[in-house]
**Q** 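Okay, handing you the structure first.
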Amino acid sequence: MKKFFRYVSQSIAGMIGLSVYILADTYFISSYAGTDGLAVLNLILPLYGLLNALGNMIAVGCATRYSIRQAAGKDVSSFFLQAIFWNFIFALPFTFFGLFFPKQVLAILGANAELQNLGMSYVRIILGSAFLFMANSSMTAFTRNDKNPSMAMVGSLMGSLFNIVFDYIFMFPMNLGMTGAALATALSPVVTSLFCALHFRSPKNTIAFRWQSPRFKHLCACCKLGFSAFVGDLTSAVTISTFNGLILGLSGNIGVAAYGVIANVSSVCTCVFNGLAQGSQPLISNSYGKRDIHKLQSYLHYGIVSALVLAVLIVASIIFQSDFCIALFNRENDPILYQYAKEGIPLYFIGFLAAGLNILMVSYFSATNNPRPAFICSLLRGTIAIVFFAFFLSSLLKMPGVWLSFPASEAFTFLVVLYFYRKERKEMKLHLEMKLHLEAKQESK
């Protein structure tokens with residue numbers, strides 16, 4: 001248990017550190033540009049979510065497969081450089097469109113002419129730095145999976161601290177505005193990666209750097225295990241894009257800004273549960289690779305209890321402190337923004353009672369080399385269910401229906417997760433019975 005909580009607590013701290021990238025931007029941008037700045041940032045969030053989703057698919061997939069194969073005594077010497085190479089390839093489209101077509105990107109996301117002019121420099125810098133964000137995901141994932149979660153946590157926290165300090169310095173004393181916010185955010189993963197690189201020079205390091213010609217088959221095998229992480233991160237991007245479109249039609253830019261408050265607080269909550277899932281993943285994968293079913297089940301049970309406790313604490317804290325959360329980003333004290341956000345917070349955040357378990361269980365399926373249920377459940381909660389419930393409930397209940405679509409989709413996904421888990425337990429029980437039967441047969445001989 002001590003080992004589990006060490007990995008999980010450090011992973012959660014590191015993931016919260018990553019979420020501060022966006023929170024720091026939101027706070028300072030709302031102070032600098034008010035409601036319009038908040039609306040711009042919320043329109044851009046899906047791009048950032050997609051960037052993180054692809055980076056984590058490669059990072060978590062490669063690191064998970066690395067742990068399973070290493071525990072089984074197989075060659076894993078080329079895994080890290082393969083991950084970095086594919087990070088570079090996947091980052092190229094983001095870099096191209098960010099550098100040359102930032103205004104068009106914002107237009108596609110729904111920004112009007114005023115918001116396009118305000119956010120153009122921000123999009124250019126963030127998307128132009130796509131490789132830095134994606135490579136950082138691989139650096140932290142491999143450091144964590146190489147039995148050094150402390151260094152991954154310290155790196156993430158130092159990157160976040162850099163982001164907070166230089167957000168302020170660049171935006172206000174240096175008067176760079178939105179450009180300054182983007183520069184601080186783009187440089188933060190460099191700081192995190194430099195700290196993680198210290199692990200590669202330490203005696204604890206077991207990660208090799210052997211170059212091997214890129215293999216698409218290898219990428220697919222890794223991405224199958226990282227797909228749940230991809231969809232988990234993509235959930236935020238799809239949710240935000242869907243909600244932005246619906247809210248723009250129902251309540252305009254003020255409604256989008258109000259959702260920006262909810263989306264930013266939600267991103268921290270999601271990071272907590274992603275941290276729980278990613279912190280338990282190396283332990284579960286290692287136990288699975290060694291076929292230690294007892295330890296595997298113990299780690300899963302610790303994870304389920306942790307997810308439930310965290311969910312109750314988070315939901316209760318946010319609902320009771322909703323005024324503080326809104327005031328943090330509502331720098332202009334807009335009463336309409338306050339009204340929308342105040343109504344939405346309790347309806348939306350109740351969904352994390354199921355979301356925490358869903359995130360953990362999807363990670364568990366991937367960590368045990370069971371990509372099919374991970375794929376189905378991730379796709380369900382990340383796209384199909386949330387989009388369906390958002391359109392259906394908003395047509396019936398307007399804005400309250402938008403907020404309720406998140407808990408509705410997570411509750412529905414949880415039922416599917418439960419079905420797959422019970423099915424896996426039956427298969428695992430049958431496998432153990434067959435194993436014991438064979439052992440007894442051999443002893444009788």
Side-chain angles (χ1 to χ4, degrees), residues 1-18 55-56 58-87 132-162 188-212 218 222 225-226 229 274-292 295-296 298-299 302-303 363 366-367 369:
M1 184 181 288
K2 185 178 178 181
K3 187 177 183 180
F4 174 84
F5 285 108
R6 180 170 69 89
Y7 267 72
V8 164
S9 61
Q10 292 172 350
S11 178
I12 290 174
M15 290 300 294
I16 290 174
L18 289 175
N56 276 330
I58 296 169
V60 173
C62 288
T64 300
R65 197 158 181 258
Y66 166 88
S67 292
I68 293 172
R69 287 176 63 87
Q70 187 185 52
K74 296 179 180 179
D75 178 36
V76 290
S77 58
S78 67
F79 274 50
F80 177 74
L81 289 183
Q82 288 271 319
I84 297 297
F85 171 81
W86 290 113
N87 287 151
L132 300 179
F133 291 107
M134 296 180 79
N136 180 55
S137 296
S138 291
M139 294 287 283
T140 54
F142 273 87
T143 301
R144 189 185 304 113
N145 276 261
D146 200 34
K147 299 181 176 63
N148 199 350
S150 301
M151 185 61 77
M153 176 195 70
V154 170
S156 296
L157 293 178
M158 293 306 295
S160 298
L161 180 62
F162 174 92
S188 295
V190 176
V191 175
T192 299
S193 294
L194 288 174
F195 270 90
C196 289
L198 295 175
H199 167 73
F200 300 148
R201 297 181 61 85
S202 74
K204 294 181 180 179
N205 177 54
T206 64
I207 298 171
F209 298 90
R210 184 170 69 84
W211 174 251
Q212 190 175 61
H218 168 87
C222 291
L225 299 181
N274 281 339
L276 171 63
Q278 292 184 22
S280 58
Q281 174 266 312
L283 301 174
I284 291 173
S285 292
N286 188 266
S287 300
Y288 175 79
K290 292 179 178 178
R291 297 295 186 265
D292 190 338
K295 269 192 177 181
L296 189 152
S298 295
Y299 290 138
Y302 297 153
S363 176
S366 291
N369 200 23

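Being a predicted model, the structure only gives us computed values, none of them experimental.
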**Q** How far does CD1 of Ile12 sit from CZ of Phe5, to the nearest 0.5 angstrom?
**A** 9.5 Å

**Q** So, does Thr192 use its side chain to make a donor-acceptor pair with the main chain of Pro189 at under 3.5 Å?
**A** no

**Q** Determine whether the side chains of Gln70 and Asn286 contain a donor N or O and an acceptor N or O closer than 3.5 Å.
**A** no

**Q** Would you say the side chain of Ser366 lies within less than 4.5 Å of the side chain of Thr64, judging by non-hydrogen atoms?
**A** no

**Q** Applying side chain to side chain donor-acceptor pair (under 3.5 Å), can you list everything that pairs with Ser150, at least two apart in sequence or on another chain?
**A** Gln10

**Q** Please enumerate all residues that pass side chain to side chain donor-acceptor pair (under 3.5 Å) together with Ser280, with sequence neighbours excluded.
**A** none

**Q** Would you say the side-chain atoms of Gln82 pair up with the backbone N or O of Gln212, donor to acceptor, closer than 3.5 Å?
**A** yes

**Q** From Leu81 CG over to Asn87 CG, what is the distance, rounded to the nearest 0.5 angstrom?
**A** 11.0 Å

**Q** Minimum heavy-atom separation for Ile84 to Ser138, with atom names?
**A** CD1-CB, 4.0 Å

**Q** Answer yes or no: is there a donor N or O on one side and an acceptor on the other, between the side chain of Asp146 and the main chain of Thr206, under 3.5 Å?
**A** yes

**Q** As a test of understanding, state which of Phe85, Phe80, Phe142 forms a ring-ring contact (aromatic ring centres under 6.0 Å, His included) with Phe209.
**A** Phe80

**Q** For the atom pair CZ (Phe79) and NE2 (His218), what is the distance rounded to the nearest 0.5 Å?
**A** 4.5 Å

**Q** How long is the straight-line distance from CE of Met139 back to CE of Met151, given to the nearest 0.5 Å?
**A** 10.5 Å

**Q** Using every non-hydrogen atom in the two residues, find where Leu283 and Phe4 come nearest and quote the distance to one decimal.
**A** CD1-CA, 3.6 Å

**Q** Is there a side-chain contact between Ser202 and His199 in this structure, where contact means two heavy atoms from C-beta onward sitting under 4.5 Å apart?
**A** yes

**Q** Give me the atom names and distance for the closest heavy-atom approach of Ser193 to Asn136.
**A** OG-OD1, 3.3 Å

**Q** What closest approach, in Å, do Ala152 and Cys196 show between heavy atoms, and which atom pair accounts for it?
**A** CA-SG, 4.2 Å

**Q** Work out which heavy atom in Tyr299 is nearest to a heavy atom in Ser287; give both atom names and the distance.
**A** CE1-OG, 3.4 Å

**Q** First locate atom CD1 of Ile207, then atom CZ of Phe200, and finally report the distance between them rounded to the nearest 0.5 Å.
**A** 4.5 Å

**Q** Any chance you could measure Leu132, atom CG, to Ser137, atom OG, to the nearest 0.5 Å?
**A** 11.0 Å

**Q** Any donor-acceptor pair under 3.5 Å linking the side chain of Ser78 with the backbone of Arg210?
**A** no

**Q** If you look at every heavy atom in Ile58 and Met134, which pair is closest and at what distance?
**A** CD1-CE, 4.5 Å

